[in-house]
Number of protein chains: 2
Amino acid sequence: MGISKSDFFTEEQNEISNLMKALGHPARIAIIEFLLKKESCVCGDIVSELPLSQPTISQHLKELKNVNIIKGSVEGNSICYCLNLETLEKIQNYVQLTISGATKCKPGECC
Amino acid sequence: MGISKSDFFTEEQNEISNLMKALGHPARIAIIEFLLKKESCVCGDIVSELPLSQPTISQHLKELKNVNIIKGSVEGNSICYCLNLETLEKIQNYVQLTISGATKCKPGECC
DNA sequence: ATTCTATATTGCAATATTACGATAAAGATT
DNA sequence: AATCTTTATCGTAATATTGCAATATAGAAT
């Protein structure tokens, strides 16, 4: 049914999965990498950078904005986007502290 | 249309977005955290641990297995799952090297 | 051999995502 | 003011995801 039973999961689990979901599309990864490469805010270059239509890109930007991975500010008649370091750090911290805490099984264990 | 134009993105962009997509659901985050907590392989406890039906959980496990985040091996009449460190490291590396390379804008810049 | 237990698969319904053409909105330029 | 440029929104179609009941599968236990 597509009903997401997010009530049964912790706040943190819902939050991190939302962030990961936002990273779960190559176009959005490409957008983020483009912003990274520029080492600064990017004003009005994103549409010409991606092999997608302007409405589609606008939609992807919106999704990244919704989870605070990027922020945008109006600059003249174009919009400047930049990465939100705070959110990126949240992702980094989760991966660092949680995921990388995985331990190798001892020899003789099942995996 | 849901047509994913993955041909236009790099191999790495497609790969990392697939991994992130697999992390983009609270149930799958919960599964991973459960495996982490156990510090070992887990045989036959996952279904009772989550507020979802057995088929649904099986499906989520399959998705995690498809992208090699977990691996499972048959052990008697139950199945033991464990995390695949290699893939977790791939995620960690990407986040570390790529995402955390983001730089703060200098004062006076647009964001 | 039959039954039990654990997991996978199938089939299907509800919802979400992805994509884009058409159009709107808003500031810049002429 | 009319036009251009850039971005957002609307409407809609195609596809994917999520969830579960029913059922299948496979090894264990009786």
Worksheet entry | d(CG, N18(B); C1', dA16(D)) in whole Å | 13 Å
Worksheet item: Any idea how H25(B) and H60(B) line up, ring-wise: parallel (<30°), tilted (30 to 60°), or perpendicular (>60°)?
Response: tilted
Item to complete: In whole angstrom, give the distance that lies between atom CG of L50(B) and atom P of dT18(D).
Response: 14 Å
Fill in: Interatomic distance, I99(A) atom CD1 to I91(B) atom CD1 [nearest 0.5 angstrom]
5.0 Å
Response to the item:
T98(A) meets the side-chain hydrogen bond (donor to acceptor under 3.5 Å, both in side chains) criterion, sequence neighbours left out, with none
Discussion item. Rounded to whole Å, how long is the line connecting atom CD1 of I46(A) with atom C1' of dA8(D)?
Written reply: 14 Å
Practice prompt. Scan residues 55-65 of chain B against DNA chain D and write down, sorted by residue number, each residue with any heavy atom closer than 4.0 Å; if none is found, say none.
Written response: P55(B), T56(B), Q59(B), H60(B), E63(B)
Fill in: By salt bridge (charged side-chain N to carboxylate O under 4.0 Å, His left out) - contacts of K90(A) (at least two apart)
E15(A)
Fill in: Polar side-chain atom of R28(A) near backbone of E63(A) as donor-acceptor pair, under 3.5 Å
no
Item to complete: Indicate whether OP1 or OP2 belonging to dT17(D) is found under 4.0 Å from a side-chain N or O atom of K21(B).
Response: yes
Worksheet item: To the nearest Å, how far apart are N66(A) CG and dA16(C) C1'?
Response: 14 Å
Worksheet item: End-to-end bend of the helix from dA1(C)-dT30(D) to dT30(C)-dA1(D) (five-pair axes, 10° rounding)?
Response: 10°
Worksheet entry | Rounded distance in Å - CE (M20(B)) to C1' (dT17(D)) | 19 Å
Worksheet item: Do N84(A) and I70(A) have side-chain heavy atoms sitting under 4.5 Å apart?
Response: no
Response to the item:
The answer to which of V47(B) and Q54(A) contacts DNA chain C further toward the 5' end, by nearest nucleotide, is V47(B)
Practice prompt. Could you check if a side-chain atom of F9(B) sits within less than 4.5 angstrom of a side-chain atom of L50(A), using non-hydrogen atoms only?
Written response: yes
Discussion item. It should be established whether Y81(B) places a side-chain nitrogen or oxygen under 4.0 Å from OP1 or OP2 of nucleotide dA8(C).
Written reply: yes
Item to complete: Answer yes or no: is there a donor N or O on one side and an acceptor on the other, between the side chain of T87(A) and the main chain of N68(A), under 3.5 Å?
Response: yes
Identify the pairs formed between an N or O of the protein and an N or O of nucleotides 28-30 of chain C at a distance under 3.5 Å, and give each distance.
none

Discussion item. I'd like to know if the side chain of E89(B) and the backbone of E86(B) have a donor-acceptor N/O pair within less than 3.5 Å.
Written reply: no
Worksheet item: In whole angstrom, what separates F8(A)'s CZ from dT18(D)'s P?
Response: 17 Å
Worksheet item: Are L23(A) and Y94(B) close enough that some pair of their side-chain heavy atoms sits under 4.5 Å apart?
Response: no
Worksheet item: Does the side chain of Q54(A) reach to within under 4.5 Å of the side chain of S58(A), using non-hydrogen atoms?
Response: yes
Worksheet item: Starting at NE2 of H25(A) and ending at P of dA16(C), how long is that distance when rounded to a whole Å?
Response: 18 Å
Item to complete: Output all residues satisfying side-chain hydrogen bond (donor to acceptor under 3.5 Å, both in side chains) with Q59(B), sequence neighbours left out; order by chain, then residue number.
Response: none
Worksheet item: When the distance from CG of D45(B) to C1' of dT7(C) is rounded to whole Å, what number comes out?
Response: 14 Å
Discussion item. Counting only side-chain heavy atoms from C-beta out, which of dA19(C), dA8(C), dC20(D) sits nearest to I79(B)?
Written reply: dA8(C)
